[in-house]
Asker: 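The structure under discussion is supplied below as structure tokens; questions concerning it will follow.
Every chain is numbered from 1 and lettered A, B, ... according to where its sequence line falls, protein lines coming before strand lines.
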Protein chains: 2
Amino acid sequence: MNKCDQCIVRQLSSLKALNKEEVIKLASSKTTYKIKKGEAIFEEGEVTNGVFCVKDGVGKLSKLSANGKDQIVKLVKSGELLGQRSMISNEPANLTAKAIADMEVCFIPKTEIINFFNTNNQFSLNMMQSVCEDLKESENEKIALVQKTVKQRLAETLLHLHDAFGEDTDKTLKVQLTREELAGIIGTATESCIRLLSDFNKLGLIELVGKKILLKDVRALKKLADN
Amino acid sequence: MNKCDQCIVRQLSSLKALNKEEVIKLASSKTTYKIKKGEAIFEEGEVTNGVFCVKDGVGKLSKLSANGKDQIVKLVKSGELLGQRSMISNEPANLTAKAIADMEVCFIPKTEIINFFNTNNQFSLNMMQSVCEDLKESENEKIALVQKTVKQRLAETLLHLHDAFGEDTDKTLKVQLTREELAGIIGTATESCIRLLSDFNKLGLIELVGKKILLKDVRALKKLADN
DNA sequence: TTATTAAGATGATAATTGTCATGTTATATT
DNA sequence: AATATAACATGACAATTATCATCTTAATAA
């Protein structure tokens, strides 16, 4: 029994199309890394030459602006692949990937992936669908950025974080984002984000448990996000 | 000699990976349509079950918001494919596709494309790269929406339209967009867009020739867009 | 041609959001 | 424990951008 076979990434990502033999090849070519919170997996402009499997933890894909603000494009969690686009496009990374919570990732070299492309159509199709999914999300977020107010986007993002990452035992959001990071996701100033969280708190939509956030009135948040 | 072989889409898109036999199959399965300016090729929510080759004209992919504003996500021109994402994802269209200038498009049924996927690896890879290119653009535009002002985005968009579509004989931009559509691309109110065009005109950055736009000071526009 | 509608333009004003300043509370380091 | 630093919070204010109203000009239909 090799490790990759039981891995969550193997179960959830495009890799699920691989057969036993392929998984064995995969296991022998991979390299495992541990990345501490705050550390980078790869930076914008770097040539990665492969993809990363996220075994555990949470990461962010972001881009630093001229004025020092970090716009977060996507959060990745365990079970997902990282760096697919750059690898397929044969380009250096367009975004920086950093750990938001301690991560364990495996690196799979490009040569291996290309092999799978050539011999396993379902794998190709899966990866294509995964990129398509990212594209759809990105387009919809782009539209939301223009058509919704910061308040609406905050409500929407809180709901999305709840959906995607779930709750801790104390019912607060499981992903631990700083206010600055949350602002980076919704595309606003940190102060605006903090202010709106305060407002939401006063309105009873959420509760601020220290730095953590508890969604108290999901229905009202949904209404706010949509309207 | 069949028509598809000489078609611009065959030369520029993923279809360039097809061999002679495949092109013959393609030609026999396609359907050609003419779409007048303003008409839709497909609408949000529609199941398209194939892709469209843009032989001629210009189209826009957009989404209507609750308040009646039309956010334009992408412009497509001759040589490009349309509807790849929905087809690959097996989903109804996420966006509406409409003609901005009279178009000629060919519809290729999904079954045909899937066949090519299964028998032609280069074709698969090309299409994957095309989606990846869209994803990169979408992410970068998302970042620009947040990190740049409306003024900067307008400058950037004018330059991009110049790059992508070129000039008419009178040196004005070849794509004929209404101010409303231009506003829909940069994500702002029509009035704001008109106002800024006026400002740019007064500053000598552009010249307004009737409804058409002539870029007078490309260097200054670039500086404005980047800074 | 004339009437009608759409597109473009501009002013006045309000709303949203960003920026700067400052204070407080946590967290980490010595 | 004391100090330093980072994260959170809030007020005051300015800048950007949206909205509404009105007007002109161009395109289209009758």
Side-chain angles (χ1 to χ4, degrees), chain A residues 36-38 65-72 98 100-101 144-155 157-158 172-173 175-203 206-214 224 227, chain B residues 36-38 65-71 98 100-101 144-158 172-173 175-203 206-214 224 227:
Chain A
K36 283 228 153 33
K37 180 175 171 177
S65 76
N67 61 17
K69 274 192 194 163
D70 204 38
Q71 168 69 16
I72 297 181
K98 279 190 178 156
I100 278 185
L145 230 31
V146 177
Q147 298 186 336
K148 297 193 171 181
T149 64
V150 174
K151 194 186 288 186
Q152 289 179 307
R153 269 143 50 203
L154 176 58
T157 300
L158 290 175
T172 61
L173 290 183
V175 255
Q176 278 270 41
L177 298 168
T178 64
R179 306 293 193 251
E180 191 177 359
E181 284 168 336
L182 189 54
I185 294 176
I186 66 179
T188 190
T190 308
E191 296 94 322
S192 299
C193 177
I194 289 173
R195 232 180 284 271
L196 286 171
L197 285 173
S198 272
D199 292 350
F200 283 12
N201 188 16
K202 277 168 201 155
L203 290 168
I206 64 172
E207 195 181 316
L208 299 176
V209 184
K211 304 192 171 180
K212 307 189 73 190
I213 300 167
L214 187 153
L224 184 63
N227 180 300
Chain B
K36 283 228 155 26
K37 181 176 169 176
S65 75
N67 60 17
K69 274 192 193 163
D70 203 35
Q71 167 70 14
K98 278 191 179 157
I100 278 185
L145 273 179
V146 176
Q147 298 187 337
K148 297 192 172 183
T149 63
V150 174
K151 194 186 287 184
Q152 290 180 305
R153 268 144 50 201
L154 176 58
E156 192 173 61
T157 300
L158 291 174
T172 61
L173 289 182
V175 255
Q176 278 269 42
L177 298 167
T178 63
R179 306 293 193 252
E180 191 178 0
E181 283 166 338
L182 189 54
I185 294 177
I186 66 179
T188 190
T190 308
E191 296 95 322
S192 299
C193 177
I194 290 173
R195 232 181 284 271
L196 286 171
L197 284 174
S198 270
D199 292 350
F200 283 10
N201 189 16
K202 278 168 201 153
L203 290 167
I206 64 173
E207 195 182 316
L208 299 176
V209 185
K211 304 192 171 180
K212 306 189 73 190
I213 300 167
L214 187 152
L224 184 64
N227 182 300

Asker: Could you check whether A/Ser198 gets within reach of a base, just the sugar-phosphate, or nothing at all, counting any heavy atom under 4.0 Å?
Answerer: sugar-phosphate
Asker: Taking the nucleotide of DNA chain C with the closest heavy atom to each, which residue, A/Lys211 or B/Thr178, is nearer the 5' end?
Answerer: B/Thr178
Asker: Mind calculating the distance between CG (A/Asp70) and P (D/dA7) to the nearest angstrom?
Answerer: 12 Å
Asker: Roughly how many Å is it from CG in B/Leu145 to C1' in C/dT17, rounded to a whole number?
Answerer: 16 Å
Asker: Please report, rounded to the nearest Å, how far the C1' atom of C/dA9 is from the CD1 atom of B/Ile206.
Answerer: 13 Å
Asker: Polar pairs (N or O, both sides) under 3.5 Å between protein and nucleotides 12-18 of chain D?
Answerer:
| from | atom 1 | to | atom 2 | distance (Å) |
| --- | --- | --- | --- | --- |
| D/dT17 | OP1 | B/Val150 | N | 2.9 |
| D/dA18 | OP1 | B/Thr188 | OG1 | 3.3 |
| D/dA18 | OP2 | B/Thr188 | OG1 | 2.4 |
| D/dA18 | OP2 | B/Ala189 | N | 3.4 |
| D/dA18 | OP2 | B/Ser192 | OG | 2.7 |

Asker: Dump the intermediate steps for side-chain contact (heavy atoms from CB on, under 4.5 Å) on A/Leu182 and A/Ile194, then the final yes or no.
Answerer: CA-CA 9 Å; A/Leu182 189 54; A/Ile194 289 173; over 6 Å; no
Asker: Using modelled atom types and a 3.5 Å cut-off, is there a donor and acceptor pairing between side-chain atoms of B/Arg153 and backbone atoms of B/Ala144?
Answerer: no
Asker: May I have the distance from B/Ile194 (atom CD1) to D/dT22 (atom P), rounded to whole angstrom?
Answerer: 18 Å
Asker: Tell me: CG of A/Leu154 to P of C/dT17, nearest whole Å?
Answerer: 11 Å
Asker: Return the CZ to CD1 distance between A/Phe200 and A/Ile213, rounded to the nearest 0.5 Å.
Answerer: 10.0 Å
Asker: A/Arg179 CZ to D/dA6 C1': how many Å, rounded?
Answerer: 14 Å
Asker: Any salt bridge (charged side-chain N to carboxylate O under 4.0 Å, His left out) involving residues 176-189 of chain A? Give me the pairs, sequence neighbours left out, ordered by first then second residue.
Answerer: A/Lys60-A/Glu181
Asker: In Å, rounded to the nearest 0.5 Å, how long is the span from OG1 of A/Thr188 to CZ of A/Arg195?
Answerer: 10.0 Å
Asker: Tell me, yes or no, whether the heavy-atom count around B/Lys98 atom NZ, taken from other residues, nucleotides or ligands under 6.0 Å, exceeds 12.
Answerer: no
Asker: Please say whether more than 12 non-hydrogen atoms of neighbouring residues, nucleotides or ligands are located less than 6.0 Å from NZ in A/Lys151.
Answerer: no
Asker: How far does CG of A/Leu177 sit from CG of A/Leu158, to the nearest 0.5 angstrom?
Answerer: 9.5 Å
Asker: Return the polar atom pairs (N/O with N/O) between nucleotides 21-23 of chain C and the protein under 3.5 Å, or none.
Answerer:
none

Asker: Going by the side chain to side chain contact (heavy atoms under 4.5 Å, CB included) test, name the single residue among B/Leu173, B/Leu197, B/Leu196, B/Leu214 that passes it with B/Ile206.
Answerer: B/Leu197
